[in-house]
Amino acid sequence: MKTIGELQKKVRNASQLRISNSIDESSDELLNMKSYSGVVEYFPEELVITVKAGTLIKDISQTLRKKNQALPFFIKDEEKTIGSLYATAGSDLSDSVLGVQIINGKGDLLNFGGQVMKNVAGYDVSRLLVGSMGKLAVITQISFKVFPEKLAHERRINQPKKINDSPLREEIEQRLKDVFDPYGVFV
């Protein structure tokens, strides 16, 4: 799946879908995101990068390192894709998210947030979807604020990883799933 159109078609035609980083694209129940990768935009002077969800974290880090910049959140495994990290992360990553592009359960392409530090458009859906385990929507692109490399390193050292498995979080996730995945496509 290399285009948004192909991803949307797969979502629209699926009765149940699992988002994966596997190489297998033949299964109707698996949506391979690894082939949907690359840097969409990078503005080093603005400290903002937008990447496709299948982009490997090590590739993003390599691009940022050329300008002495880095992602400001904890990264355990740079061989993961940024989309899989986004789907499993917590507040340390969500604090760096500026915007997100998703495909909902109907196959519609939606954009939330943007590439600015302050967003006053209402609910910050781009941050709410962090840690959703791919159960609400297909994340296609993510915009992050980046930090100078030294500052990002200091921040990662001093910021403990948080896990939030509360009943309130589960209720919010279910309500979001009802909105973004009304047909129950994502499992």
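Residue Leu47 holds its CG atom at 10.0 Å from CG of Leu64, rounded to the nearest 0.5 Å. One distance of note links OG of Ser143 with CD of Glu41; it measures 7.5 Å at 0.5 Å rounding. Taking CG from Leu128 and CG from Leu136, the interatomic distance works out to 9.5 Å, rounded to the nearest 0.5 Å. In this structure, the separation between NZ on Lys10 and CG on Asn32 is 8.5 Å, given to the nearest 0.5 Å. Taken to the nearest 0.5 Å, the CD1 atom of Ile139 stands 10.0 Å off from the CD1 atom of Ile103. One finds the CD atom of Gln141 at 7.0 Å from the NZ atom of Lys52 (value rounded to the nearest 0.5 Å).
In this structure, Lys67 places its NZ atom where only 12 or fewer heavy-atom neighbours from other residues, nucleotides or ligands lie under 6.0 Å away. Applying the 6.0 Å contact sphere to CD of Glu29 captures no more than 12 heavy atoms from other residues, nucleotides or ligands. Heavy atoms of other residues, nucleotides or ligands lying less than 6.0 angstrom from CZ of Arg12 number more than 12. Surrounding NZ of Lys135 are at most 12 heavy atoms belonging to other residues, nucleotides or ligands under 6.0 Å away.
Here the side chains of Val146 and Leu71 are in contact, with some heavy-atom distance below 4.5 Å. Side-chain contact between Phe144 and Val48: absent, with no pair of heavy atoms (C-beta onward) separated by less than 4.5 Å.
For Leu93 against Ala89, the heavy-atom pair with the smallest separation is CB-CB, 3.7 Å. Closest heavy-atom contact between Ser132 and Leu129: OG-O, 2.8 Å. Taking every heavy atom of both residues into account, Ser94 and Val130 meet most closely at CB-CG2, 3.8 Å. Contact record, Pro72 with Ala152: CA-CB, 4.0 Å, taken as the closest heavy-atom pair. Between Asp95 and Lys145, the closest heavy-atom pair is O-CE, 2.9 Å. Here the closest heavy-atom approach between residue Lys106 and residue Pro182 is recorded as CE-CG, 3.7 Å.
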Practice item. Assess whether side-chain contact (heavy atoms from CB on, under 4.5 Å) is satisfied between Thr50 and Tyr42, documenting all intermediate values. Key: CA-CA 6 Å; Thr50 301; Tyr42 175 39; over 6 Å; no
Check your understanding: How far apart are the C-alpha atoms of Lys34 and Leu56, what are their side-chain angles, what is the distance that settles it, and do they pass the side-chain contact (heavy atoms from CB on, under 4.5 Å) test?
Key -> CA-CA 8 Å; Lys34 202 164 195 171; Leu56 293 175; 4.0 Å; yes
Point to revise | Thr55 and Ser37: CA distance, side-chain angles, deciding distance, side chain to side chain donor-acceptor pair (under 3.5 Å) verdict | key: CA-CA 4 Å; Thr55 309; Ser37 64; 4.9 Å; no
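Aromatic ring orientation, Phe180 versus Phe112: perpendicular (interplanar angle above 60°, classes split at 30° and 60°).
Exactly one residue among Val138, Thr3, Thr140, Leu109 makes a side-chain contact (heavy atoms from CB on, under 4.5 Å) with Gln8. That residue is Leu109.
Residues Met133 and Leu85 do not share a hydrophobic cluster, clusters being chains of Ile/Leu/Val/Met/Phe/Trp/Tyr side chains in contact below 4.5 Å. In the hydrophobic clustering of this structure, Val40 does not group with Met33; members are Ile, Leu, Val, Met, Phe, Trp, Tyr whose side-chain heavy atoms approach within less than 4.5 Å, directly or through other members. Hydrophobic cluster membership is shared by Ile102 and Leu176, with clusters built from Ile, Leu, Val, Met, Phe, Trp and Tyr side chains linked at under 4.5 angstrom.
Between the side chain of Asp108 and the backbone N or O of Asn104, no donor-acceptor pair lies under 3.5 Å. At distances below 3.5 Å, at least one donor-acceptor pair connects side-chain atoms of Lys177 with backbone N or O atoms of Phe186.
One finds a salt bridge joining Arg175 and Glu171 here, because a Lys/Arg side-chain nitrogen approaches an Asp/Glu carboxylate oxygen to under 4.0 Å.
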